[in-house]
**Student:** 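Have a look at this one before I ask anything.
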Amino acid sequence: MIFSIVIYSAPYTTQSASTALHFSKTLIGEGHKIYRLFFYSDGVHNASSLTIAPQDEKSLQAEWDTLIKVNKLDSVVCVSSALKRGVLSNEEAQRQGLTGHSLRDSSEISGLGQFIDAYIHSDRVISFG
Amino acid sequence: MDSLRFDTEGYLKDLDAWNENVALEIAKQENIQLTPAHWEIIKLTRSFYARHQLSPATRALVSLIKRELGPKKGRSVYLMKLFSGTPAKIVSKVSGLPKPDNCI
Amino acid sequence: MTKPKKMFTFISRQAPYGKDRARLCLDAALAATVFEQKVNYVFSDDGVYQLLKQQNGGSIGSKTLGSALEALDLYGIEDVFVNEASLRQRNLNSEHLLIKTIPVTNIQLANLILKSDYVINL
Amino acid sequence: MTTLHTISKGPSSKLLESCLSIARENDALLFIEDGVYYSSELASESSIPKHQLLFTLEEDIIARGLQHSILNKFETINYRKFVELCTFHEKVINWF
């Protein structure tokens, strides 16, 4: 079956990003397809590259990154959520004249159209927040 | 274009700085010669923003024009003829409003 | 041949301003209208507080959500429902509301969800 | 045609009440994250109806030390079964 996953919450603040990650891994393990990961609202922090986890805790951002790359997933952060929260791609940062960037290269910035498109092209959309 | 006043896409940074001369300036950048037909739309768009705090998507703009100016003008082709291919973006830009949120 | 329209139903259950959920729900629904799909909008639970008149987000440096809701019809979202039980529990009736809404019972809501292809529950 | 509802917050959230007001009798309910307290006899209030298919997520139960207090009417499931439930029911509505 074709799934899309929407993540509304930042890692660590609530459990839901971790649940979403676990669920996504299981989906793939069970042979299902993920059409898109969509990070909305505080969920965009899951795609941040400027994070450091303590040695004895998991880095959710790194785990997402690996999952996306290994399985070649389409991963989108909502543009209006991301820019407001400082999750910027290199391209976007340059356009705005900012010196740093903070979006992992496994995700791309796009609009809410991609959110609606995910519903239209998936058998199931599962939301975590 | 002056990067202090406009962002990289040509949208006005300080929305309060808008006036008719600024609109003429932005329109020139977009290769649009503003006519009374354009001003009519700009006025409506700005009143929409003042009321709803949203930069209208094309669909909303078309319904608004239809309601206020009649069905002959209330069509997306009419808007496209005046403001080129992606009218919602251009109209918002010329009208001194933020870029519409739902652009894809 | 054009594809048959799919039905989206957005259920907005949170009060405005305190959290971003109400705004997220609205923004997503407006995005759905671009795809020329059927879009229903439902206010339920604390979401009915979004419909109160005389909101002014400016006093807390925020946009006024109610003003944006007044544009729903211009975006082609005409089927706007309100959970009448949620209204009743909060001592509200249609006179308190900013826009015209269709009152629905829980059973009608359950049926609407059943008919919908996609349900976004925020 | 049935729906799977996931509930991911504990009793103080009133999420279950909202869910039950529009869930249908043959829908399934799955409790995850803090929602698993609903499936425990340690929950102070339990308004769980008898006629629903009720599931609760094992990993979240173990994390919270609830493994010996799960009410009989709940089936404890793992993530694989969570995925399977999502495919079995035509619709999934997440309450969070």
Side-chain angles (χ1 to χ4, degrees), chain A residues 1-17 19-20 23 33-47 74 76-87 108-129, chain C residues 1-42 44-47 50 57 60-63 65 68 71-72 75-77 112-122:
Chain A
M1 226 175 220
I2 301 170
F3 283 78
S4 283
I5 307 292
V6 185
I7 296 101
Y8 290 87
S9 295
Y12 309 112
T13 312
T14 65
Q15 192 195 338
S16 57
T19 309
F23 184 84
K33 290 260 178 302
I34 295 180
Y35 177 74
R36 178 168 297 138
L37 302 173
F38 190 89
F39 296 95
Y40 197 11
S41 184
D42 279 352
V44 299
H45 290 297
N46 286 280
D74 182 32
V76 173
V77 298
C78 168
V79 57
S80 56
S81 304
L83 297 191
K84 281 190 271 201
R85 288 170 177 81
V87 179
E108 60 171 328
I109 291 189
S110 194
L112 273 172
Q114 300 293 311
F115 172 91
I116 300 300
D117 174 83
Y119 276 86
I120 294 173
H121 290 97
S122 306
D123 299 308
R124 303 283 186 274
V125 177
I126 315 294
S127 306
F128 296 91
Chain C
M1 224 172 77
T2 53
K3 278 196 199 158
K5 275 190 186 183
K6 296 284 188 171
M7 187 190 276
F8 277 85
T9 296
F10 292 84
I11 308 174
S12 192
R13 296 184 293 106
Q14 302 265 355
Y17 307 111
K19 280 198 223 174
D20 66 349
R21 285 280 176 82
R23 190 81 212 187
L24 299 178
C25 193
L26 176 66
D27 287 346
L30 298 184
T33 64
V34 177
F35 287 75
E36 304 287 328
Q37 312 284 327
K38 172 88 186 86
V39 178
N40 299 312
Y41 210 82
V42 180
S44 188
D45 299 306
D46 280 351
Q50 295 171 37
I60 53 166
S62 172
K63 283 191 177 188
L65 186 79
L72 280 173
Y75 279 80
I77 303 178
L112 182 70
I113 290 168
L114 199 65
K115 272 197 313 194
S116 305
D117 297 291
Y118 315 113
V119 178
I120 288 98
N121 183 28
L122 287 171

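Order of the sequence lines fixes the chain letters, A, B, ..., with proteins taken first and strands second; residue numbering starts at 1 for each chain. As the structure is a prediction and not an experimental result, all values here were calculated from the model.
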**Student:** Is the shortest heavy-atom distance from the side chain of I116(A) to the side chain of Y118(C) under 4.5 Å?
**Tutor:**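 With C-beta onward as the side chain, the pair stays apart.
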
**Student:** Considering residues, nucleotides and ligands other than K6(C), do more than 12 of their heavy atoms fall under 6.0 Å from its NZ?
**Tutor:**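 Incorrect, the count does not exceed 12.
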
**Student:** How far does CG of L122(C) sit from OG of S127(A), to the nearest 0.5 angstrom?
**Tutor:**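 It is 7.0 Å, given to the nearest 0.5 Å.
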
**Student:** Return the minimal non-hydrogen interatomic distance between A28(C) and F115(A), and the atom names on each side.
**Tutor:**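 Residues A28(C) and F115(A), closest heavy atoms: CB-CE2, 3.7 Å.
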
**Student:** So, are D42(A) and R21(C) salt-bridged, with charged N and O less than 4.0 Å apart?
**Tutor:**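 No salt bridge links D42(A) with R21(C).
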
**Student:** For the residue pair I120(C) and Y119(A), establish whether any side-chain heavy-atom pair is separated by less than 4.5 Å.
**Tutor:**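 I120(C) reaches Y119(A) side chain to side chain.
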
**Student:** Taking all non-hydrogen atoms of both residues, which atom of Y40(A) and which atom of L24(C) are closest, and how far apart?
**Tutor:**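 Smallest interatomic distance, heavy atoms only, reads OH-O, 2.9 Å.
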
**Student:** Go through the atoms of S41(A) and report whether side chain, backbone, both or neither lie under 4.5 Å from a heavy atom of chain C.
**Tutor:**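 S41(A) touches chain C through backbone and side-chain heavy atoms alike.
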
